[in-house]
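Everything on this sheet refers to the single structure shown next.
Naming convention: chains lettered A, B, ... in sequence-line order (proteins, then strands); numbering from 1 in each chain.
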2 protein chains.
Amino acid sequence: MKLKAPATLKQIAALAGVHTSTVSRALDPEKRHLVAEDVAQRVAELARSLAYRPNRVATTLKTGRSRLIGVLLPDIANPVFAPILSGIAEALATDGYAPIVVDAGNDASRQFAFVENLLVQRVEGLILATVSSEDDVVAHCVRRGLPVVLVNRSEFRNRVSSVVSDDERGMLIAVDHLTSLGHRQIGHIAGPRNTSTGVLRKEGFAKAMARHGLKGPTEEAERFTRDCGLAPARALIRKAKRLTAVVAANDLLALGVLDALHEMNLRCPDDISVVGHNDMPLVDLISPPLTTVRIEHRAMGREAAGLLLKELGARKTASSRLVLEPQLIVRGSTKAIAAVATAGRQPSRV
Amino acid sequence: MKLKAPATLKQIAALAGVHTSTVSRALDPEKRHLVAEDVAQRVAELARSLAYRPNRVATTLKTGRSRLIGVLLPDIANPVFAPILSGIAEALATDGYAPIVVDAGNDASRQFAFVENLLVQRVEGLILATVSSEDDVVAHCVRRGLPVVLVNRSEFRNRVSSVVSDDERGMLIAVDHLTSLGHRQIGHIAGPRNTSTGVLRKEGFAKAMARHGLKGPTEEAERFTRDCGLAPARALIRKAKRLTAVVAANDLLALGVLDALHEMNLRCPDDISVVGHNDMPLVDLISPPLTTVRIEHRAMGREAAGLLLKELGARKTASSRLVLEPQLIVRGSTKAIAAVATAGRQPSRV
DNA sequence: TTATAATGTGCAATCGATTGCATAGGTTGA
DNA sequence: TCAACCTATGCAATCGATTGCACATTATAA
């Protein structure tokens, strides 16, 4: 298949009877004033009638600006990334940029390969949703001077900018919600310790509990998946006999908790209340509908893209950190403790 | 921020003491034989030590091949597109291609703008998941000679290649499942009539019913969303008093049906069985777990990308149409009719 | 009127890689 | 020994747009 070749500067120049450089200037809003008004008009008219679009590839070659941004996701199939991506694409589009999306997985060496590939495409910057706490990919980009913004997760060393949810605050409102319902024996299923979200939420949980003079048991999940939530949930419930509530580090882990409860013949929320994190699609539909901490993923993506664009424009920018406010969404998986007591938790526990 | 400039052919040439053209040939597997063995070795060695990567932009400018494929999605946030995208990315990567993803919405004029934007980036082809039955974007691409493959949805005029699920068959297995459970009063919530999936599944439903000598009422949803499923579901249930099952044109609509049942104090599956379509993530988790027709979206994406790559290679290809086999996934939202009768449907309906 | 400044255009190099053509050696055969 | 032929390499144009510099023309000031 052969594309109909689009118009070039040269053709317009020939038709207008001027040099290509004049055409180039006439069509660049920043340089239009260098060109006589009548010529500019004529050229603009011609360009319009020929449906001229500058060849972005040629422009990129000359100027080094590709107007492409690489986006690395750890797992496209994870529903939280869809709105992030959507927000990124939206924000980039306003400046004529477009994202190249890569489903890079969690494996560092594969990620390197993908980053190399993106660099070959001459992306101007990277948005990473993949970082672990000490990320080599980030180090690599910093070394090469490639602008990077982290989204959703962040690094501990603040080498680059990031846009994240306030993880500690998220845990605080979750714990406050539970205590206000009378819960005191609250456990936590933490995310992997090599992710900022895993660590910060765990710390946030501990701090929030401390504010109420409480201390709750914690079990760590290996990864943020439903399956990986099952084992730690079992362990948690078995160890802490008097537990009345569990806060999970994200919704998928919360689903794992529900699986564990089911397995152990415990009811949610009658025996144990459960709180998730993210408010991903469909968690309002499960049984019981999940009480969770909502994160504005779309806004997060938008902000991350905006930040990156800003950094592309600036010569040098201090890395900044944007923290979004989470919001508690109360649904059916949490319930007042009074009810728990009368609902006869002990019997069902043997 | 400034990038450390990567190595160029010229630098390697200088170091190797040969001309750039020799370096170019030495590094191109197809042309390596034109170059003396020792020189080729030396150049390859040098290239490796400098971590040389050809500047794709320059190559594109010269050869016209960008190795980028544009992907137009109607709605990134819809969970079915994640695996499609993932499959596309995977298949493209094997040939060194990468996707540029655009969340183009359903609005035709916006879609045009996005396509223009992609053309400016010199994408070599397009994968559209957006098409409506008579799609102007397709017409536009065909006119410009841009290779296009449709995925998930197709056109009625077979102007371009497509990869879709066998929609009729999907409805057949859904209806067969229900009839085997004893259902005879089965309704259908159809998708929008400007999508192939909407129309074909509706037809498939009618045909499947006819095979059993049945005829079922149908209501059409305006769009494939949970919200848009609510109203037609209400209407359907109100009109067809003796309905015992509903087949929805996709999972989101099925969720709308569940919402409607809930609202009307009907139970699923005890009062009414519900079947969805797509088997999108998490529908196994809702209450009741959704019986649905599974489509291999990932494979669909992979095949579509493969098809496009094949067409890029060929001079001229007849448009082909790849139809994938769907599979019924039986879960908790469907139940034998006998149980329905004894479960006392009439009372709860008053 | 002449020197000076301002304005509008053109020239040509450049970004980095590719490729048809030319050519310098070297080989072969008669 | 010389023509005919290979082989390996270099030369230079090219893709399309951008941009510093130079030049020509006109406007302004003295």
Distance check needed: C:dC15 C1' versus B:Arg56 CZ, whole Å only. 18 Å
Spacing of A:Asp28 atom CG relative to D:dG20 atom P, expressed in whole Å: 12 Å
Would you mind classifying the nucleic acid contact of B:Val39 as base, sugar-phosphate or nothing, using non-hydrogen atoms under 4.0 angstrom? sugar-phosphate
Is it true that B:Glu116 and B:Arg144 make a salt bridge, defined as a side-chain N closer than 4.0 Å to a carboxylate O? yes
Respond yes when some side-chain nitrogen or oxygen of A:Ser24 is under 4.0 Å from OP1 or OP2 of D:dT18, and no when none is. yes
In whole angstroms, how far is the P atom of D:dT14 from the CG atom of B:Leu61? 14 Å
Kindly check if the number of other-residue, nucleotide or ligand heavy atoms within 6.0 Å of CZ (B:Arg223) is above 12? no
Whether the B:Gln41 and B:Glu45 side chains hold a donor-acceptor pair (N or O, under 3.5 Å, no angle test) is what I'd like checked. no
Using whole Å, report how far NZ of B:Lys62 lies from P of D:dC15. 7 Å
From CD of B:Glu30 across to C1' of C:dT18 the rounded distance in Å is 13 Å
At 4.0 Å (heavy atoms only), tell me whether B:Val23 reaches a base, stays on the sugar-phosphate, or touches nothing. nothing
Does D:dT19 have OP1 or OP2 under 4.0 Å away from a side-chain N or O of A:Lys31? yes
Between CG of A:Leu9 and P of D:dT19 the distance, given in whole Å, is 12 Å
For B:Arg298, look at atom CZ and say whether over 12 heavy atoms of other residues, nucleotides or ligands are found less than 6.0 Å away. yes
Using a heavy-atom cut-off of under 4.0 Å over every strand shown, decide if B:Val57 touches base, sugar-phosphate, or nothing. nothing
Among B:Val163, B:Ile88, B:Val80, B:Val164, exactly one meets side-chain contact (heavy atoms from CB on, under 4.5 Å) together with B:Met300. Which residue is that? B:Val163
Would you say D:dA17 has OP1 or OP2 under 4.0 Å from some side-chain N or O of A:Lys10? no
Counting distance alone, no hydrogens or angles: does the base of C:dC15 have a donor or acceptor under 3.5 Å from a partner atom on the side chain of A:Thr63? no
When all nucleic acid strands are considered with a 4.0 Å heavy-atom cut-off, which category describes A:Ser21: base, sugar-phosphate, or nothing? base
Give the nucleotide from the list C:dA17, D:dC11, C:dG10 with an atom nearest to the side chain of A:His19. C:dG10
When the distance from CZ of B:Arg25 to P of D:dC11 is rounded to whole Å, what number comes out? 11 Å
Specify the separation, in whole Å, of atom CZ of B:Arg65 and atom P of D:dC15. 19 Å
May I ask you to evaluate whether B:Thr22 reaches the phosphate of D:dG10, defined as a side-chain N or O under 4.0 Å from OP1 or OP2? yes
